[in-house]
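Only this structure's heavy atoms are used, side chains among them; waters, hydrogens and symmetry mates stay out. Nothing here was measured: the structure is a model prediction, and the numbers come from that model.
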Amino acid sequence: MSIESTVKNQYDQFAEIYDRRWRRYVSDTLNFLIDYLQGSRQISGNEHVLDLACGTGELERMLLNVHPDLKIVGVDISEKMLDVARLKLPNLEFVKASAIALPFPDHKFDMVVTVSAFHYFDHPLDTLEEIRRILKPQGKLIIMDWCRDYWICQALDLFLKIFDPSHKDCYSQKELRDLMTKAGFDVIQEKKQKLGAFWGIMVAIGFRS
């Protein structure tokens, strides 16, 4: 079974309890990301945005609270996670699709965001190239994920590789930058930060070159 199928099955199983189970983590990481985007002026509020691996739509909900004019489409591999997102935000478009086969034409979006999901992608370079395809010229990619530059994330990465078949790789900031560059992105901004006692998070922002 592919990692993608394993991820789908895993998230289908606990979609209904996801928001409760991971409430603190989701709140901390998404607030960090939105504050960072606001502070660095990386979002104007009128973009056409794709949220890749959108889960239950929490990023959409929080972004629209700040920027109500955004046009956002959410994509995920788990239909049951999308069902939760649709109940939460019935006026938005949520699409089930693979990260390496996005059902959108070339140059459709101003921005693609993917949050706490890059470590699941079985084919990270193929995913980045597919993201590049659907971005407009000079479109923006924003990735936030765990950062292996922190020892706690190194330990978590090793643990999950042994015990969680849905886990692919936790990357360092340099490894993520190198992947983005190889896929044709100009990485213009990066940040990493410890959130609480456990999570080490990084953000990378790149333009489609």
Side-chain angles (χ1 to χ4, degrees), residues 1-15 18 22 26 29-30 33 47-60 63 71-86 92-136 139-148 157 160-161 164-172 175-185 187 201-209:
M1 181 182 294
S2 69
I3 288 178
E4 187 174 83
S5 297
T6 304
V7 171
K8 174 193 174 300
N9 292 339
Q10 184 181 99
Y11 278 86
D12 277 347
Q13 288 175 12
F14 63 80
Y18 180 87
W22 294 105
V26 170
T29 54
L30 294 187
L33 177 63
E47 292 93 345
H48 192 184
V49 181
L50 175 72
D51 179 13
L52 180 58
C54 67
T56 64
E58 271 300 288
L59 178 61
E60 283 80 349
L63 277 176
K71 184 178 180 182
I72 311 178
V73 177
V75 168
D76 203 276
I77 196 64
S78 166
E79 188 68 47
K80 292 190 177 180
M81 293 286 276
L82 291 173
D83 286 342
V84 177
R86 291 178 184 120
L92 292 191
E93 180 183 3
F94 291 100
V95 179
K96 181 183 176 184
S98 167
I100 58 173
L102 297 170
F104 305 107
D106 296 356
H107 309 160
K108 182 175 177 65
F109 294 95
D110 301 301
M111 180 184 294
V112 173
V113 183
T114 184
V115 174
S116 298
F118 203 77
H119 57 276
Y120 286 125
F121 295 148
D122 202 4
H123 305 284
L125 187 58
D126 291 343
T127 298
L128 289 169
E129 290 172 348
E130 181 69 347
I131 291 170
R132 187 178 184 277
R133 179 187 68 79
I134 65 169
L135 275 171
K136 295 176 182 178
K140 191 178 297 182
L141 168 62
I142 299 166
I143 298 175
M144 186 181 79
D145 203 15
W146 306 342
C147 180
R148 199 161 55 82
D157 183 44
L160 291 175
K161 282 179 176 175
D164 186 351
S166 70
H167 180 77
K168 170 65 174 175
D169 267 314
C170 179
Y171 300 93
S172 69
E175 288 168 338
L176 179 59
R177 182 194 319 130
D178 289 346
L179 279 167
M180 292 173 69
T181 300
K182 188 173 182 180
F185 289 92
V187 179
I201 296 294
M202 61 180 170
V203 179
I205 300 175
F207 280 112
R208 182 189 189 276
S209 57

Approximate separation, where rounding is to 0.5 Å, of Ser78 OG and Asp83 CG: 8.0 Å

Residue list, side chain to side chain contact (heavy atoms under 4.5 Å, CB included) with Arg208, at least two apart or on another chain: His107, Arg132, Leu135, Pro137, Phe185

CD on Glu93 to CG on Leu82, rounded to 0.5 Å: 11.0 Å

Salt bridge (Lys or Arg N to Asp or Glu O under 4.0 Å) involving Asp110 - partner list, sequence neighbours excluded: Lys136

Sequence-distant partners of Glu130, salt bridge (Lys or Arg N to Asp or Glu O under 4.0 Å), two or more places apart: Arg133

Leu141 side chain reached by Leu128 side chain, heavy atoms, under 4.5 Å: yes

4.5 Å side-chain heavy-atom contact, Asp51 and Leu63: no

Gln10: partners by side-chain hydrogen bond (donor to acceptor under 3.5 Å, both in side chains), with sequence neighbours left out: Asp164, Ser166

Partners passing side-chain hydrogen bond (donor to acceptor under 3.5 Å, both in side chains) against Glu60 (at least two apart in sequence or in another chain): none

Lys108: side chain to side chain contact (heavy atoms under 4.5 Å, CB included) partners, not counting sequence neighbours: His48, Phe104, Pro105

All salt bridge (Lys or Arg N to Asp or Glu O under 4.0 Å) counterparts of Asp126, not counting sequence neighbours: none

Side chain to side chain contact (heavy atoms under 4.5 Å, CB included) partners of Lys140, counting only residues at least two apart: Gln42, Met111, Ile142, Ile205, Phe207

His119 backbone acceptor or donor facing Asp145 side chain under 3.5 Å: yes

Residues which pass salt bridge (Lys or Arg N to Asp or Glu O under 4.0 Å) with Glu79, listed by chain and number, not counting sequence neighbours: Arg86

Exercise: identify the closest heavy-atom pair between Pro103 and Val95: CG-CG1, 3.9 Å

Which atom of Cys54 lies closest to which atom of Phe94, heavy atoms considered: SG-CD2, 3.8 Å

Contacts of Tyr11 that satisfy side-chain hydrogen bond (donor to acceptor under 3.5 Å, both in side chains) - sequence neighbours left out: Tyr120

Distance-minimising heavy-atom pair for Leu125 and Ala183: CD1-CB, 3.8 Å

Straight-line distance of Glu4 CD to Thr6 OG1, nearest 0.5 Å: 10.0 Å

Straight-line distance of Met180 CE to Ile143 CD1, nearest 0.5 Å: 4.5 Å

Met202 CE to Arg148 CZ distance, which is reported to the nearest 0.5 Å: 9.0 Å

Side chains of Leu176 and Phe118 in contact at under 4.5 Å (non-hydrogen atoms): yes

Partner residues of Ala53 under the side chain to side chain contact (heavy atoms under 4.5 Å, CB included) criterion, sequence neighbours left out: Asp76, Thr114, Ala117, Phe121

All side-chain hydrogen bond (donor to acceptor under 3.5 Å, both in side chains) counterparts of Lys8, not counting sequence neighbours: Asp12

Any donor-acceptor N/O pair, Ser209 side chain to Gly184 backbone, under 3.5 Å: yes

Heavy-atom side-chain proximity of Asp169 to Pro124 below 4.5 angstrom: no

Note, Leu102 side chain near Leu50 side chain (heavy atom, < 4.5 Å): yes

Distance-minimising heavy-atom pair for Thr127 and Ile100: OG1-CG2, 3.5 Å

